[in-house]
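Just so it is clear, the structure is predicted and the values come from calculations on it, not from any experiment. Counting starts at 1 for both ligands and their atoms, following the listed order.
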Amino acid sequence: MAANDLQKRVTELRSTLREHNYNYYVLNEPIVSDKEYDKLLNELRGIEAEHPDLVTPDSPTQRAGAEPSDKFEKVQHPAPILSLANAFNGDDLRAWRDRIARIDERVLEADFVVEPKLDGLTVVLHYQDGVFVQGATRGNGEVGEDVTINLRTLGVLPLRIPVNPDGPQPPANLYVRGEVFIRLDDFDELNRRQAEMGEKTYQTPRNTAAGALRQLDSTITASRPLTMYVYNIVSSDDDVPATQWETLEYMRQLGFPVPSDVIEKCDNIDCVVAACEAWIERREGLDYEVDGAVVKLNNLELSSDLGVVGRDPRGSIAFKFPAQEVTTDLLEIGVNVGRTGVLTPFAVLEPVEIGGVIVKQATLHNFDYIEEKDIRVGDRVLIKRAGDVIPYVIGPVEAARKGKKLKKYQPPKVCPVCGEPVQHIEGEVAWYCVNASCPEQLVRNLEHFVSRSTLDIVGMGIKIVEQFVQEGFIEDVADIYYLDREKIFELEGYGDKRVDNLLESIENSKSRSLGQLINALGIRLVGEVAANDLARRYRDLDEISKVSAVELEAIEGFGPNIAQSVVEWFQQANNKKVLKKLKKAGMWPQSEPMPVVTGDLPFSGLVFVVTGTLPTFSRKDAKEFIESNGGKVTSSVSKKTSYVVVGESAGSKLTKAEELGVPTLDEAALKELPESVDA
Ligand code: IVH
């Protein structure tokens, strides 16, 4: 394609992708399938890879994958990032209005805007000529931390303000303020996946969002479901709207996400009080956490004229919800056994009401948490319930312990279900029941094996699973394929039709893909993505059972822990038996593996880090070259790194390599390496 046409196509692709992005993330109304979107994105990636000069920082391809940094740079905010004074009830709100009316009588005629107070992290986004150039945390209000590369990973954040000929044009410099957070559904899903993989679960959406935003490795941020709403303009080169109401609309028109559906305008303070009180109920129905409402004078000039007390502008106030925290007695610490044998403690509580809901149980996260907070049975404990998140124990009320003799909590030494000894791996949070025939584990495993997200055996719910285990029909997952029709028929409630349907849906599951079966097996740390990665590379379970940990580690996204877990799973005698039975039953899906990464490739088992600018290879070229030779590319230098490939202006990674004695290569040496290591 001629240079002109190429540029035209790139511009076209970017603008289409931006539009799809906006529809998907901001409006929540995608108009194309993920597949169609990926196709366009891949086309753009392809062109940019071949023509690196066409890459721009606002290209939709530039959302993730930036180099991890060692620390965050400091960013001076263009104006102080203020906070808010609090009101806790209607009287406080009225007193606030009276106070500011005494300072400026325009307040008597003023109208207000009532917005949700989002429980997340403040960010300040800088756009230059409509392009997102920098994003910072609030920091101390004057100086924040540069988290630009992390913010780029948020699909909802416009990398370029789309220029709509009929809408407002972006100013030369624009700074907007917003809040980054995680939606409750996404948070639950994240924790479900963590638990499924035997990994530790996150405690609150807000802490998780904070942790993700301050990651030095942006690929980690990209894997967390962060989102954002904006609510203020901090500074702009152009005239900005005169009211808060119009400001929100203006930002929305520029393509920023604004929670317009729940923002209200009020003509007087009675309306403000009613709107704030209505928020106490409304918060329950939202899929994100709010810890109050923010009341703002709509007239921004008046607001600014009123000035600031300390760090709080007089023209706005936060209405804080009544606490969703209560204290109650901790009656007992129970322990659940998960699919992978992970033991999870939970609190059994004296029932207590929080925000209209009776709470009898609360999560204690893990045994380390109990130890850290020194939570003891018999304690008065503080419980928090936020939005739809499962209530959790914040900690003991120390003062209430006086005079009570409470024993320090000890994690169980044996599994509460099967009574076999439990194991704790040094350095890991989880405690495990390692008894492969623990009935509870078996039930959880079966539940996972038949679930919608794995083999989707319709009609085989948890009740049936439990019953079949209890009856002794099932001792491992493969037994599902050896069920005796007559025996089931003898059970109460099983007619001809029901048994036929069940056996038919079990039979149908034999046509599932290899990836689905691997996922169903419930190998620790192997979720849907890793399962599909394996299925893409190997033909069947026999092939995977012969792969070494080193070879597995060469798969993108497979660290040493996953690799080890896979190898161990296939080594276990019980699992070998299960595989044999599955094969014999005809539950043995085959895949069409890609012809890549085999043990014979010259870079198999080698780990590379690429740093600096290489003379002819782009980063992507270098990565492809290394991977096509069976090597793995990671982003940080450690003792495990085999080679650091060094280009011009290499920085801290080169220093680190020298410190650790990791050999370095230039591009030419990298290209020759396959011959030399092969020899
Ligand atoms: S306005 C001068 N609006 O609440 C403007 N803040 O202490 C001050 N917040 O740190 C902020 N939602 O991070 C404003 N709709 C909203 C907000 C909001 C959440 C946070 C903000 C600030 C804290 C107030």
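- Looking only at heavy atoms of the protein, atom 10 (O) of ligand 1 is closest to R177 NH2, 3.4 Å.
- Residue contacts with ligand 1 include P116, since one or more of its heavy atoms lies under 4.0 Å from the ligand.
- Nearest protein neighbour of atom 12 (N) of ligand 1, counting heavy atoms only, is L118 N, 3.0 Å.
- For atom 14 (C) of ligand 1, the nearest protein heavy atom (residue, atom name, distance) is Y231 CE1, 3.2 Å.
- Note: F367 and Y409 have parallel aromatic rings, judged against thresholds of 30 and 60 degrees for the angle between ring planes.
- Remark: E109 engages no residue in a side chain to side chain donor-acceptor pair (under 3.5 Å) (not counting sequence neighbours).
- Electrostatic pairing of R401 and D379 counts as a salt bridge here, judged by a charged N lying under 4.0 Å from a carboxylate O.
- For atom 3 (N) of ligand 1, the closest heavy atom belonging to the protein is K296 NZ, 2.9 Å.
- Distances shorter than 4.0 angstrom do not occur between any heavy atom of A318 and any atom of ligand 1.
- Protein heavy atom closest to atom 15 (N) of ligand 1, with residue, atom name and distance, is E115 OE1, 2.8 Å.
- What sits closest to atom 4 (O) of ligand 1 on the protein, heavy atoms only, is K117 NZ, 3.1 Å.
- Under the side chain to side chain donor-acceptor pair (under 3.5 Å) criterion, R138 pairs with no residue at all, not counting sequence neighbours.
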